[in-house]
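Every chain is numbered from 1, with letters handed out A, B, ... down the list of sequences.
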Amino acid sequence: MPAIASSFFDRPAAEVAPELLGYQLALGSTAGCIVETEAYAPDDAASHSFSGPTRRNRAMFGPPGHAYVYRSYGLHWCVNVVCAPGHAVLIRALQPLTGLEIMRQRRGTTLDRALCSGPGKLTQALAITDQHDGQRFVERAGFADGADFDDLRLIAPILPTTNLQQGRRIGISRAIDLPWRWGIAGSPWLSKKF
DNA sequence: AAATTGATCCGCT
DNA sequence: GCGGATCAATTTG
């Protein structure tokens, strides 16, 4: 179960973030298509890496292609894909594809639109927690390909995704003008319209 | 339709 | 002690 080529991720997050749209994010028997991302960088006042490495953000300075998972507002987990040192891409929304019934149970809703339409929602739907912080992503679609049940998985789309939309990031109070949020244009699975 | 609030934790000053 | 890369329920216009 090879980790994904580190060269793909060892770049600024603002380059990687739009390219991750269309990838599938999977864990266990659940998976969804990434439809919304945000980039964070070390010289970016809104980024957890802005003030250098700490215990919480150490994964952001670790190997590219690994996960940075942090707790948000005391309640939610949010997952990032680590890029170049201090760079990371926050996964903000998925189109649910696999394991919808488990997701509905975990989320406590039957409204599919509400399963993965936000960074805290999708981690709950896929059961991503701090136990995945610092863990690598593997490039396998399922366990039959040799991945462990607990491996975070990313699956590249057949063709690069086009029809993107770009705008300002959500829920931050610093560096609010950077256009570092990307989404699949018109997708009904976004956390918020552009 | 938009604004407000409560839940609840951790990192940093 | 304060505020945050959030969410959902409630209140208000």
Item checked: Ring-ring centroid check A:Tyr40 A:His87, cutoff 6.0 Å -> no
Item checked: side-chain N/O A:Ser173 vs C:dG4 OP1/OP2, d < 4.0 Å -> yes
Margin query: Does B:dC12 have its OP1 or OP2 closer than 4.0 Å to a side-chain nitrogen or oxygen of A:Thr54?
Written below: yes
Next item on the list: Select base, sugar-phosphate, or nothing to describe what A:Leu90 touches, counting heavy atoms under 4.0 Å on all strands.
Entry: base
Next item on the list: Report the distance from atom CG of A:Leu115 to atom P of C:dC7, rounded to the nearest whole Å.
Entry: 13 Å
Notebook entry, point to check: For the side chain of A:His76, counting heavy atoms from C-beta on, which of B:dA7, C:dT6, B:dG11 is nearest?
Noted result: C:dT6
Item checked: Nucleotide B:dG11, atom C1' - distance to NE2 of A:His48 in whole Å -> 9 Å
Check: A:Phe50 CZ to B:dC12 P: how many Å, rounded?
Finding: 14 Å
Notebook entry, point to check: Which part of the nucleic acid, if any, lies within reach of A:Asn80 when heavy atoms closer than 4.0 Å are counted: base, sugar-phosphate only, or nothing?
Noted result: base
Notebook entry, point to check: Considering heavy-atom distances to DNA chain C, does A:Arg107 or A:Ala88 have its closest nucleotide positioned more toward the 5' end?
Noted result: A:Ala88
Notebook entry, point to check: 5'-most contact on DNA chain C: A:Ile170 or A:Ala114, nearest heavy atom basis?
Noted result: A:Ile170
Next item on the list: Mind calculating the distance between CZ (A:Arg174) and P (B:dC12) to the nearest angstrom?
Entry: 14 Å
Next item on the list: Begin with the C-alpha distance, continue with both residues' side-chain angles, and end with the deciding distance and a verdict on ring pair (Phe, Tyr, Trp, His ring centres under 6.0 Å) for A:Tyr23 and A:Phe137.
Entry: CA-CA 12 Å; A:Tyr23 273 67; A:Phe137 286 92; over 10 Å; no
Next item on the list: Calculate the interatomic distance between A:Leu75 atom CG and C:dA9 atom P; express it in whole Å.
Entry: 14 Å
Item checked: Separation of C:dT6 P from A:Arg169 CZ (nearest whole Å) -> 11 Å
Margin query: A side-chain contact here means heavy atoms from C-beta on lying under 4.5 Å apart; do A:Pro119 and A:His76 qualify?
Written below: no
Notebook entry, point to check: Would you call A:Glu19-A:Arg11 a salt bridge at under 4.0 Å N-O?
Noted result: yes
Notebook entry, point to check: In what stems does DNA chain B take part, counting only runs of at least 3 consecutive Watson-Crick or G-U pairs whose two distances fall under 3.5 Å?
Noted result: B:1-7 with C:6-12, B:9-12 with C:1-4
Next item on the list: Quick one: label A:Gly74 by what it contacts on the DNA or RNA (base, sugar-phosphate, nothing), any heavy atom closer than 4.0 Å.
Entry: base
Notebook entry, point to check: Looking at C:dA5, B:dG11, C:dC7, which one has an atom nearest to any side-chain atom of A:Pro119?
Noted result: C:dC7
Notebook entry, point to check: Taking CD from A:Glu36 and P from C:dT6, how many angstroms apart are they, rounded to a whole number?
Noted result: 10 Å
Next item on the list: State plainly whether the residues A:Asp44 and A:Arg169 are in salt-bridge range, i.e. N to O under 4.0 Å.
Entry: yes
Check: Given atom CG of A:Asp133 and atom P of B:dC10, what is their separation to the nearest angstrom?
Finding: 13 Å
Checklist line | Close aromatic pair by centroid cut-off 6.0 Å: A:Tyr68 and A:Phe61 | finding: no
Check: In whole Å, what separates the C1' atom of B:dC10 from that of C:dA8?
Finding: 22 Å
Notebook entry, point to check: Is the phosphate of C:dT6, meaning OP1 or OP2, less than 4.0 Å from a side-chain N or O of A:Arg92?
Noted result: yes
Next item on the list: May I ask you to list the residues of residues 176-194 of chain A, by number, that have any heavy atom positioned under 4.0 Å from an atom of DNA chain C?
Entry: none
Notebook entry, point to check: Checking only heavy atoms, does the side chain of A:Tyr73 share a donor-acceptor pair with the base of C:dA5 at less than 3.5 Å?
Noted result: no
Check: Which nucleotide sits closest to the side chain of A:Arg71: C:dA5, C:dT6, B:dC10?
Finding: B:dC10
